[in-house]
Structures are given as structure tokens and as C-alpha cells.
Protein chains: 2
Amino acid sequence: MNDAFKSLDREKQNRILDAGFQEFAEKGYKQASTNQIAKAAGIGKGTLFYYFKNKQSLFHDLIEEAFNIADETYLSQINFEETDFFERLRESSELKMEVYRKQEHALTFMAQVFMHMNEYKLPERLLEKRKQAEEIWGSVLTKNIDFSKFRDDIPQEKTFNYIRWTIEGYRMELEQRIKLQGLSALSNVKLEPYYEEFYDHLDTLKMIYYKEEFR
Amino acid sequence: MNDAFKSLDREKQNRILDAGFQEFAEKGYKQASTNQIAKAAGIGKGTLFYYFKNKQSLFHDLIEEAFNIADETYLSQINFEETDFFERLRESSELKMEVYRKQEHALTFMAQVFMHMNEYKLPERLLEKRKQAEEIWGSVLTKNIDFSKFRDDIPQEKTFNYIRWTIEGYRMELEQRIKLQGLSALSNVKLEPYYEEFYDHLDTLKMIYYKEEFR
DNA sequence: AGAATTGTTGACCAGCCTGGTCAGTAAGGG
DNA sequence: CCCTTACTGACCAGGCTGGTCAACAATTCT
């Protein structure tokens, strides 16, 4: 990523970044095609290599950019004053949705990178960032949370995991549903009804896992 | 799949089938490589095409074979007399594990095919099978189940989904854990402690979602 | 025994796609 | 007018693709 790229207008930058995020997230480093990325971004192949010196450096730059995006629009916005678990969960989910709106494939790309991190020999600089990110991502739903609101006949760790897994399962099914009904991009989908559905699930989970007096 | 293949000894057949399952499950139809499959199965490339007439027919045969395996060692073994949800869940999980032991990648292959079914133009014969399979797979955790044991302050459908999602989340984390700790094949991993862990989760879920008198 | 059949292989094929280059074009600013 | 910068796609060598096939090996038949 050189100065030429950085001085592009934001829209074009984002188009290129997102094309890269999507291709690498879908196929992994080796199988990803720079031709595809250029085509999806709507630029010539030469131009891609005019902005990035080669495939590997493009990949590294994408990782760094994804970290930055996640940092700026997600992690740094989390309100760690909020001690209620479900409120924190709601806020963090909404922030995540913000990221999706800005850069639809940044987060799936990040997840892919996290999963296969060990296969890629990344420079020290990125490994360091990853370590930091891992910690803070893990703290989003734990740091300064009032876990005493959970019913105490179920081990706290289980409660925590069960809620995580349930939400994750719901998220995946929702993704599937949206993908099936319309081929439209996420940005074109009316999201309001899904929010209501999601809040409803949060309430139900509160019913299930909170002590009576906190429901 | 011709007579030559069918008259191979079981072990070699399974080696080839599983190599195919794995490759297609990992990369999808187009990206899958017949070279890789032959190499992974430990046979020459020519031999693979001596057994199967071409890539597409190999793919179709694998689908059919996967359906048969799932049918024989999983679906047909489910005891639909058992009306307790968690007992049914336990049994079906153990049966699934049987399938894994016999053909490690058959089920992930099937899942992949189900997901991307619409992209492949499959012959009528397979589409029909799929339709049937879909119905019966859906019925495994519902048909003849006594849902009245669930607490009735939470909608039954939610209860059902939440348990599914929780178990699925647990399964994925377990897979991750096993993959990390040892690179050994599933068949070499001591499974007993995991079973205990799994049963423990089932008990906890019973605590959460059953009426008091059925816990 | 030898002949005939069946099983198995990897070198080989044309063709596609790969990451990357670079001569050439276009545009803008001085 | 030149100089710089932005941008492109034809082009390259090389790797991998699905698939073939002549040659060889093993087994079975006569």
C-alpha cells in the first residue's frame, strides 16, 4: 500500500479493500486470486500492482487495515462502564453491525486470518498486533461485567459459553436466511425487523440465565 | 464408480472415498483437484479415472455414497420410540460419532453439498434423494419427542433452537480443541473424556430447559 | 506353459489460470 | 510543449488442471 493508494478517494479505496477482504476470506491466501480482486474492485490488474507491490504485501496490508477498522469502529467504541452483560452484548452487536456496513467483509476476513494465522508466516509487527487484539476481543464480553446477575445453579463459565454459542448460532442462521431471500448486498436489506428479533432473543436469554430479580 | 471399484477390498474403497470427501468438502467442486484426491488416496492418477469416468461422475458417486453411509449408519439406526429429547440427542450424537469413525469426512462433505446444492446442477435422481434426506434429517430431533417436558415460559421453538445452537457451538469448539492439541486423526484420539464432558452439558441443558419435575 | 484379460501407473497433452511486468496511453499541471 | 502521475491489458513463464494412453504388472484362463 503506497502513497498513490492512500491518496485515492475513500470510496475507491474501500472498494479495493473490500474486494481483497472478500477474496482472501473466501479462499484463503494461496487460493485467492489477484485477478479476481482486481476485477471485483473494478480496476485493471496492473493498477492493483501499482498500489500494492505484490500479493503478499497486499495480504499483509489488508490484515493491518482490518485490524485498524475493527479497532476504530468497534473495539474503541465499546463502553466498558456498562456492567450488564446483555446490554454490553447488545451494544457490541450493534457496533459490529456498523463495521459490516462500512466494510462488509472486513470481519469475516479477520476471522479467517485468526483461524489460519499459524499457517501464514507473518511479520513480527502483525503477530504483535494479533496478540493485543486477541486479548481485547476476549475482554469485550467479560471485562467489568456484573456476573453476579447470572443464576448461580449453573457454572458461570457454562452460562457464558451457552449464551455465546446461542447467539452465534442465531447469527449464522440469520446470515443464511438473508443470503437466501435476497441476493442483494447487506447494505440494501432492511435491518429493523431483524433488530427486533435479536432484542427479543436477548430478552428470552435474560429470562433463561438471569436470576429472577434481574429479569 | 464401476465394477472394478466395487470389487476392491473395503479398506481401499474407503481410502479413496474419504480422500474424495475431504478434498471436495474442503475446496468445493470446482477448486477440488483430482490429482490431490489420487495422491491422498495413495493411488495413481490414472487409476482414479479407471474407477470413475470423470470428475463430475466421481462427485456424483461421492454424493450418493455419502447419502448411503449416512442412511445406513445414522438415520436408520435412530430409535424413534425414545420420546425424551435429550436421550434422543445423546443417541443421535453417538450415532454420528460412529459415522465419523467409519468415514471421517463423509458428514462434512454432506454438509458442504447441502449448503451449495443450488450451485451444482445435480441429476434428478440426487435431487430427489436430497429432498428425502432433508425431511428425515429434520425429523431426527423432533419426531415423536415429548416436548411437554420443556418449561412453558419459553416458546418451544426457541427452546429447540437454543439447544441446537448451543450443542453446535460446543461441537465446533471441541473440534477446534482436538485439532489444536494433536494433529492425529480422529481415530487416534481418546474420546472417553469428551463423552463425559458432553453428557455433562446435556445434564446442564436439561436443568436449564426442562420443567423442574423432569430434571 | 503361454495366451488373454484385468489392474495400475505416471509421463504426457492442451488449455486455463497464476502472480507479476511493462510498453503504451491518457490526463493534468507547469 | 514536456514532465509527472495514473492506469491499463496484452503478454510472460510457469504451475496446475482434467483427462488419455502406451506400457507394464498381476491374475486368470486355456
Side-chain angles (χ1 to χ4, degrees), chain A residues 1-63 109 116 119-123, chain B residues 1-63 109 116 119-123:
Chain A
M1 182 188 314
N2 53 25
D3 293 345
F5 178 80
K6 282 179 194 144
S7 63
L8 253 42
D9 52 308
R10 245 331 203 290
E11 193 273 333
K12 194 168 181 178
Q13 277 189 45
N14 286 347
R15 234 173 46 224
I16 296 169
L17 290 176
D18 217 52
F21 287 148
Q22 183 165 22
E23 179 74 6
F24 280 113
E26 237 167 57
K27 315 224 184 118
Y29 178 77
K30 206 177 173 188
Q31 306 263 2
S33 152
T34 51
N35 287 4
Q36 269 306 310
I37 294 174
K39 197 193 288 180
I43 61 175
K45 185 220 266 268
T47 317
L48 187 66
F49 286 97
Y50 177 62
Y51 296 144
F52 303 87
K53 90 176 217 282
N54 55 33
K55 190 184 183 181
Q56 180 179 275
S57 123
L58 163 62
F59 185 58
H60 290 170
D61 288 345
L62 284 174
I63 294 179
F109 170 75
H116 301 91
E119 302 165 27
Y120 315 133
K121 295 165 228 136
L122 297 177
Chain B
M1 183 188 314
N2 52 25
D3 294 344
F5 178 80
K6 281 178 194 145
S7 61
L8 253 40
D9 53 308
R10 246 333 201 290
E11 193 273 333
K12 195 168 181 180
Q13 277 191 46
N14 286 347
R15 236 174 44 226
I16 296 170
L17 290 176
D18 217 53
F21 288 147
Q22 184 165 22
E23 180 74 6
F24 280 114
E26 237 167 57
K27 315 226 185 115
Y29 178 77
K30 207 179 171 187
Q31 306 263 0
S33 152
T34 51
N35 286 5
Q36 270 305 311
I37 294 174
K39 198 193 286 180
I43 62 176
K45 186 220 265 268
T47 318
L48 187 66
F49 285 96
Y50 177 61
Y51 295 145
F52 302 88
K53 89 176 218 282
N54 55 34
K55 189 184 183 181
Q56 181 179 272
S57 123
L58 163 63
F59 185 59
H60 290 169
D61 288 344
L62 284 175
I63 293 179
F109 171 75
H116 300 91
E119 301 165 28
Y120 315 132
K121 295 164 228 136
L122 297 177

* Asked: Can you check side-chain contact (heavy atoms from CB on, under 4.5 Å) on B:Phe52 and B:Thr34, steps first, answer last?
  -> CA-CA 11 Å; B:Phe52 302 88; B:Thr34 51; over 6 Å; no
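In this structure, A:Phe5 atom CZ and D:dT5 atom C1' are separated by 17 Å, rounded to whole Å. Put simply, CD on A:Gln13 is 11 Å from P on D:dC7, counting in whole angstrom units. Nucleotide D:dG15 holds its C1' atom 13 Å from the NZ atom of B:Lys39, rounded to whole Å.
Between the two ends of the helix from C:dA1-D:dT30 to C:dG30-D:dC1, each summarised by a five-pair axis, the helix axis turns through 10° (rounded to 10 degrees).
Looking at every heavy atom in both residues, A:Ala40 comes nearest to A:Ala19 through CB-CB, 4.0 Å. The nearest pair of heavy atoms linking B:Leu48 to B:Leu58 is CD2-CD2, 4.4 Å. Nearest heavy atom pair, residue B:Ser57 against residue B:Met1, reads OG-N, 4.3 Å.
Within the 6.0 Å centre-distance limit, the rings of B:Tyr120 and B:Phe59 are counted as a close aromatic pair.
Note that B:Lys55 lies outside the cation-pi zone of B:Phe24, set by a 6.0 Å cut-off to the ring centre and a 45° limit from the axis.
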Run the side-chain donor-acceptor check on residues 5-13 of chain B: report pairs under 3.5 Å with partners two or more places apart or on a different chain.
from    : atom 1 : to      : atom 2 : distance (Å)
B:Ser7  : OG     : B:Asp3  : O      : 3.1
B:Ser7  : OG     : B:Ala4  : O      : 3.1
B:Glu11 : OE1    : B:Arg15 : NH1    : 3.1
B:Gln13 : NE2    : B:Phe5  : O      : 3.4
B:Gln13 : NE2    : B:Lys6  : O      : 3.0
B:Gln13 : NE2    : B:Leu8  : O      : 3.1

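Under the salt bridge (charged side-chain N to carboxylate O under 4.0 Å, His left out) criterion, A:Glu119 pairs with no residue, sequence neighbours left out. The side chain to side chain donor-acceptor pair (under 3.5 Å) check on B:Asn35 picks up B:Lys45, with sequence neighbours excluded.
At a threshold of 4.5 Å between non-hydrogen side-chain atoms, the residues A:Gln31 and B:Lys27 count as touching.
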* Structure fact -> Per-nucleotide protein contact along nucleotides 5-20 of chain C, 5' to 3', at a 4.0 Å heavy-atom cut-off (B base, S sugar-phosphate only, - neither), is -SBBBB-------BBB
Check: protein-nucleotides 23-30 of chain C nitrogen or oxygen pairs below 3.5 Å:
none

